[in-house]
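Data block below; observations after.
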Amino acid sequence: MSIQMVDLKGQYQKIKPEVDAAVLEVIESAAFINGPAVSRFQASLESYLGARHVVPCANGTDALQIAMMALGLEPGDEVIVPSFTFLATAEVIALLRLTPVMVDVDAATFNLTPVAFERAITPRTKAVVPVHLFGQSCEMQPILDIAAKHGIAVIEDAAQSIGADHIWPDGRRQKTGAIGRIGCTSFFPSKNLGCYGDGGAIFTDDDELAAKMRSIANHGQAERYYHERVGVNSRLDSIQAAILDIKLRHLDEYCDARRRAANTYDAAFAGIKELATPVRAEYSTHVFHQYTLRVLDGRRDQLREHLASRGVPAMIYYPVPLQQQNAFKGLVPADLSLPVADRLCTEVISLPMHTELNAKTQGTIIDAVKSFFHA
Ligand SMILES: *Cc1c(COP(=O)(O)O)cnc(C)c1O
């Protein structure tokens, strides 16, 4: 078997009887849309996250869009986003004719820094989207403090961090996504809690916002065929919800498996001075959606080729910072300089990371990396 970035088939084999029975049950019930499986999963996730409301929707991008629509943001309002992230985070901002304001990130954690956030605030700033990139929380205490001081809504993008705990200065833990005014996540198959198609969800503790987001996700209806506002059609279907309800029971053990694999990589690469292994922030646990190294000697692309020649896949998340994407031409000031994000795009490389990595496969990957550096 060839080595893969993620092994969804192997993961499925271990839960096949449970999943197959749940999928069949939905098919036999014919409750495909908004069936009992959706409310069951919603309740399970609320309890797992410690969030008052979970609003399921069709995907993580919709989750972000519905969150911004519910906050009543208007054209020209500014939303601050890290420039080193998946495009979706800023795409919905542009789609809603809001202004994405891209800011630099921390070289060690890859995440939005409180300093960059504060510096980018203007009187038009209405929201900030901390993205908990690669499975580790942003430093939320200062981000929440700054946001509160300026009346800015915090929308967490927890698409890569579900299951990760933010650790408050007093040691208390809280699940990422359940911290800001609104949290968003994705159940894309390769995410840490992935379904077998598309899916997403929005979290909030605010009753009124939750009701509004539920309505927006359902054509702006509060009551059937009475439409209060213009919304969208964004649903999590019952089959996906049934699968997710089973996978959620395994999420903590999946996070542990990823952490164990990350520890093995860390130990193996500790002596290679050309590589920076992922930094573990003291204010977060890490659920390693990606295991991302920085190649410090400028040979990132050669390393990737070397790995490929030995049958080891590796991916570049992300090759282009948001401010350089053609999609945002005209929305980004010409003189915008975000040196850390620019540099990270040339340094990062992500190795295979999933719940099914065994010692033999990881050994092959590690040997391939080491042989490149003659380590
Ligand atoms: C995957 C992802 C999204 C989008 O989720 P989809 O379900 O693919 O729409 C948004 N933000 C981040 C950081 C992601 O990784």
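Side chains included, hydrogens not; waters and symmetry mates left out as well; all remaining heavy atoms used. Ligands are counted one by one from 1 in listed order, and the atoms in each one are counted from 1 as well.
In this structure, Lys370 does not pair ionically with Asp367, as no charged nitrogen and carboxylate oxygen lie closer than 4.0 Å. Ion pairing between a basic and an acidic side chain is recognised when a charged N comes within 4.0 Å of a carboxylate O; Arg294 and Glu347 show such pairing.
With rounding to the nearest 0.5 angstrom, the CD atom of Gln4 is 12.0 Å from the OG atom of Ser190. Atom OG of Ser161 is separated from atom CG of Asn192 by 8.5 Å, given to the nearest 0.5 angstrom.
Heavy atoms of other residues, nucleotides or ligands lying less than 6.0 angstrom from CD of Gln13 number more than 12. By the neighbour-count criterion of 12 heavy atoms within 6.0 Å, atom CZ of Arg97 is sparsely surrounded, having that number or fewer from other residues, nucleotides or ligands.
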Any protein N or O within less than 3.5 Å of an N or O in ligand 1? List each pair with its distance, or say none.
unit_1	atom_1	unit_2	atom_2	d
ligand 1	5 (O)	Ser186	OG	3.3
ligand 1	7 (O)	Gly60	N	2.8
ligand 1	7 (O)	Ser186	OG	2.6
ligand 1	9 (O)	Gly60	N	3.3
ligand 1	9 (O)	Thr61	N	2.9
ligand 1	9 (O)	Thr61	OG1	2.5
ligand 1	11 (N)	Asp157	OD1	3.4
ligand 1	11 (N)	Asp157	OD2	2.8
ligand 1	15 (O)	Gln160	NE2	2.8
ligand 1	15 (O)	Lys191	NZ	3.0

